[in-house]
Amino acid sequence: MKDLTGIIAQQTDIATGIRMLTEEFPGQVVFSTSFGQEDQVLADIIWRNHLPVRVFTLDTGRLFQETYDLMDLTRARYKQPFDVYFPQTEAVQNLLREKGTNSFYDSVENRKECCHIRKVEPLGRALQGAKVWITGLRAEQSENRHDMPVLEWDGHRGLYKYNPLIRWSFEEMIAYLKANNVPYNKLHDKGFISIGCAPCTRAIEPGEHPRAGRWWWELSKKECGLHS
Ligand code: SF4
């Protein structure tokens, strides 16, 4: 894998890069999609090229209706299955019983607790058995992502993270979506850039950072723990 790491990192054709990884790790390459614009690019590449990648998403139970609409639109367009992971019922029940419906507004700790229950724990289950995790991360999305390599070893999770869009600009991404007529979330037409859970995402103003609409009431770094 040592040599392949360098080859993959320099591979500009994403379909070829993914295919090489699926040949190296058959049945162990997964792609997590939140149906954002970056993820729609990768889903299109994976399904258009019939790449043997298991695709999954996390349904936190708090997503926008527009995101559910896009899930169905995407399923109809590509006619490909994807797994949907939900939080543990008991963990959500305990959280709501003890702290109410929207405890994430009260403190960063509460917000992280909700993200852990609804995202991080289900992600851990979804990644079980995977050796390569394909993500739609782009460096421009967050200051935490500027140093991320295209392919990196995640020692915490025990797998490779493949971030083929990490150096893509916003304009490149939009150009790909338009050129290939890829379905997208209608909220993007209303000023939403980075779209997560409904109570934790707002539209942004022109000139604001793309992640400014996520957990906008917090001043700390805007990450949910999935990629930390
Ligand atoms: S984004 Fe908000 S609602 Fe979604 S899991 Fe995190 S805190 Fe909970």
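For reference, positions follow the sequence shown, starting with 1. Predicted model only: the values in this text are computed from it and were never measured. Remember, it's 1-based here, ligands and their atoms both numbered in the order they're listed.
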Is the backbone N or O of [Y] less than 3.5 Å from a side-chain atom of [X], with the two atoms forming a donor-acceptor pair by type?
X: Y184; Y: Q40; answer: no
X: K79; Y: A76; answer: yes
X: R125; Y: F86; answer: yes
X: N180; Y: V182; answer: no

Where ligand 1 meets [X] - atom numbers and elements under 4.0 angstrom, heavy-atom basis:
X: R118; result: 5 (S), 8 (Fe)
X: W215; result: 1 (S), 2 (Fe)
X: R111; result: 7 (S)

Inset, instruction - Using a cut-off of strictly less than 2.8 Å, determine whether C114 has an N/O/S atom near atom 6 (Fe) of ligand 1. - result: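 C114 does not place any N, O or S atom closer than 2.8 Å to atom 6 (Fe) of ligand 1.
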Inset, instruction - For ligand 1, indicate whether the residue C200 contacts it via side chain, backbone, both or neither (heavy-atom separation under 4.0 Å). - result: side chain
Inset, instruction - List the atom of W217, the atom of C200, and the distance in Å for their closest heavy-atom pair. - result: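 Scanning both residues completely, I find the closest heavy atoms to be CH2-SG, 3.7 Å.
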